[in-house]
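For reference, the structure discussed in these notes is given below.
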Amino acid sequence: MPNPEAWHSAVLANRKSPFSSAEEEQAGRQSALQAQVDAWCLYLPGLVAAFARIRDPRRPGSIKHKSVVLLTFGVLLFIFQYSSRREANRELTAPSFWELVREVFPEIDSIPHADTLARFLESIEPSELQSVLKDTVKRLLRNGRLKSFLVQHRYVVAIDGTQKFTSQKPFAPEALRRRHGQQAESYVVYVVEAVLVGPHGVTIPLMSEFLHNDGEMDPQAKQDCESKGFHRLARRLKRAFPRLPVIVVADGLYPNGPMMSLCRELRWDFMFVLKEGCLPSVWEEVQALRPLEPTQRLSSRWVDRDQQFWWVNRIEYEYQDADGRIHRIKIHVAGCTETWEESGEQKRSEWVWVSHAPLTDKNIVGRCNRMARRRWDVEEHILKEKCQGYHYEHVFSYNWNAIQGWHTLMCIGHLVNTLTLLAVNLEGMVRSHGLQGTLRFLRTTWMGRWVDRATLKRLCSRRPQLRLVI
């Protein structure tokens, strides 16, 4: 369901342009560009400095475009939501556009070709570029920009896996193999995504883990899977953010002994969807204990929905690991039955989650509505990257290193756009134009020469003032 606490409207008004004259439109575009430039001046210099620290493996005598120029070009490709390298080469390399960009970033002293960036991404370690994204999020957390993301003193991290790309041709030995019935074997890029989720429907890309084979095309070899990818991703997140108070929310694949034990080992809280039939011993105890604890119930109203919560604490779950050892952990189960009216018809839905922390009448509503249910926001986040301009399913290269590099640049571009759209000065435009409409409006402002170099220089001369709506 759509997040009822979202800060932007899901439905836009069907109306004509709000501008009554060309002069009024130019003033509106200049005001919107000011908000974007303020966001760029706050966040992109740190990115540019981080790009400069990435080791350049090319021969010094053959370098025409510095690594900073290439990687900034890649981020701008996703900020302006170009669909391919060819389209970026055709439109993003316009001299008039780069004259304006240099007013914001004097370090950009040349206009590269997207194929040059693709070759550069093939030659660097993907982890170096991923560190840039990690350090950017760290700065946001450290300077308090994401304080509104805290729910009961924890940051909600939603995790989910998704298919990024599939091909009938064996483009990379690391790609996963898949066969459906008698169909020909296909080769798949699959990614486990970790996203920082705010209570206002805002999502921040945090970290990605690519599932991969060990470079062999042996059809009998055991392949990577989402569970293994989650274990690697979780340990990477812990190393990157060792003291971050985290609660992990995820779908029905995740409530099992090894994954819950890993979260406890990393000192993370969790709320996982508990499907009917998953963990049969736990369901058996829940059904037996619920009638014996009639006080562990709570009624609540959430926007237009009536909710009936129930919970059962201290259920002992036993599982056997790969070495045959028996482990026992205590978990807690929460459920919610909600009813609402839609188009004159009464609707009903039920949800059940397994929780790391004990449940009470003080925390049940927050843990279910503002933590566990935010698991759907990672799906919205991925859907936005697939269908709303970021071209998630276009790999931009068939080289495995470059695929990961392009993916990280997409995440950085998405992060910069998210922070830009949260600016108070853009709030009215986002509500009237929508997220994609505002980004298109900004793109046409840059490309349509609505602002000249002198005006942009004046906009960049003042100290950036950026207040967020959350």
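Not measured: the values here are computed from a predicted model. Side chains are part of it too, since the values below use all heavy atoms of this structure and drop only hydrogens, waters and symmetry mates.
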Practice item. For this output row, return yes or no: ring centroids of Y390 and Y82 closer than 6.0 angstrom. Key: no

**Study point:** Ring centers of Y392, H407 separated by less than 6.0 Å
**Key:** yes

Review point. Is it the case that more than 12 heavy atoms not belonging to R301 sit under 6.0 Å from its CZ atom?
Key: yes

Check your understanding: Do we see a donor-acceptor contact under 3.5 Å between the side chains of E125 and N401?
Key -> no

**Study point:** Donor + acceptor pair across side chains of S349, E338 (<3.5 Å)
**Key:** yes

Practice item. Taking atom types as modelled, find out whether T162 and K386 have a side-chain donor-acceptor pair closer than 3.5 angstrom. Key: yes

**Study point:** Exceeds 12 heavy-atom contacts within 6.0 angstrom, atom NZ of K275
**Key:** no

Review point. So, does D269 use its side chain to make a donor-acceptor pair with the main chain of I247 at under 3.5 Å?
Key: no

Practice item. Could you check W302, W376, F309 and say which one makes a ring-ring contact (aromatic ring centres under 6.0 Å, His included) with W351? Key: W376

Review point. For the side chain of R374 and the backbone of N369, is there at least one donor-acceptor N/O pair under 3.5 Å apart?
Key: yes

Practice item. Answer yes if the ring centres of F210 and Y190 are under 6.0 angstrom apart, and no otherwise. Key: no

Check your understanding: Has the side chain of Q26 got a donor or acceptor atom that lies under 3.5 Å from a matching backbone atom of W450?
Key -> yes

Please table the atom pairs, donor to acceptor, closer than 3.5 Å between any side-chain atom in residues 143-155 and protein atoms at least two apart or in another chain.
unit_1: N143; atom_1: OD1; unit_2: R145; atom_2: N; d: 3.1
unit_1: N143; atom_1: ND2; unit_2: R139; atom_2: O; d: 3.2
unit_1: R145; atom_1: NH1; unit_2: L466; atom_2: O; d: 3.0
unit_1: R154; atom_1: NH1; unit_2: V246; atom_2: O; d: 3.0

Practice item. To the nearest 0.5 angstrom, please state how far the CZ atom of F105 sits from the CG atom of L100. Key: 12.5 Å

**Study point:** Donor-acceptor contact below 3.5 Å, side chain W353 vs main chain F270
**Key:** no

Would you mind writing out the side-chain donor-acceptor pairs for residues 41-58 within the sub-3.5 Å range, not counting sequence neighbours?
unit_1: D56; atom_1: OD1; unit_2: R58; atom_2: N; d: 3.1
unit_1: D56; atom_1: OD1; unit_2: R58; atom_2: NE; d: 3.0
unit_1: D56; atom_1: OD2; unit_2: R58; atom_2: NE; d: 3.3
unit_1: D56; atom_1: OD2; unit_2: R58; atom_2: NH2; d: 2.7
unit_1: R58; atom_1: NH1; unit_2: H65; atom_2: O; d: 3.2
unit_1: R58; atom_1: NH2; unit_2: H65; atom_2: O; d: 2.8

Side-chain atoms of residues 256-267: list all donor-acceptor pairs with protein atoms under 3.5 Å, sequence neighbours left out, distances to 0.1 Å.
unit_1: N256; atom_1: OD1; unit_2: M259; atom_2: N; d: 3.1
unit_1: N256; atom_1: ND2; unit_2: L253; atom_2: O; d: 3.3
unit_1: S261; atom_1: OG; unit_2: G257; atom_2: O; d: 3.0
unit_1: S261; atom_1: OG; unit_2: Y319; atom_2: OH; d: 2.6
unit_1: R264; atom_1: NH2; unit_2: K330; atom_2: O; d: 2.1
unit_1: E265; atom_1: OE1; unit_2: R235; atom_2: NH2; d: 3.3
unit_1: E265; atom_1: OE2; unit_2: R235; atom_2: NH1; d: 3.1
unit_1: E265; atom_1: OE2; unit_2: R235; atom_2: NH2; d: 3.3

Review point. Taking atom types as modelled and ignoring hydrogens, do the side chains of R178 and Q163 form a donor-acceptor contact shorter than 3.5 angstrom?
Key: yes

Practice item. Is it possible for you to check whether R177 lies under 6.0 Å from the centre of the six-membered ring of Y187, through NZ or CZ, and within 45° of that ring's axis? Key: no

Exercise for review: Assert yes or no for the condition that the ring centre distance of W400 to W406 is strictly below 6.0 Å.
Suggested key: no

Point to revise | Within 6.0 Å of CZ in R102, more than 12 heavy atoms from elsewhere | key: yes

Check your understanding: Centres of the Y254 and F230 rings: under 6.0 Å?
Key -> yes

Check your understanding: Can you list the steps and then say if S355 with H332 is a side chain to side chain donor-acceptor pair (under 3.5 Å)?
Key -> CA-CA 5 Å; S355 169; H332 318 275; over 6 Å; no

Exercise for review: For N89 and H113, indicate whether the former's side chain and the latter's backbone hold a donor-acceptor pair under 3.5 Å.
Suggested key: no

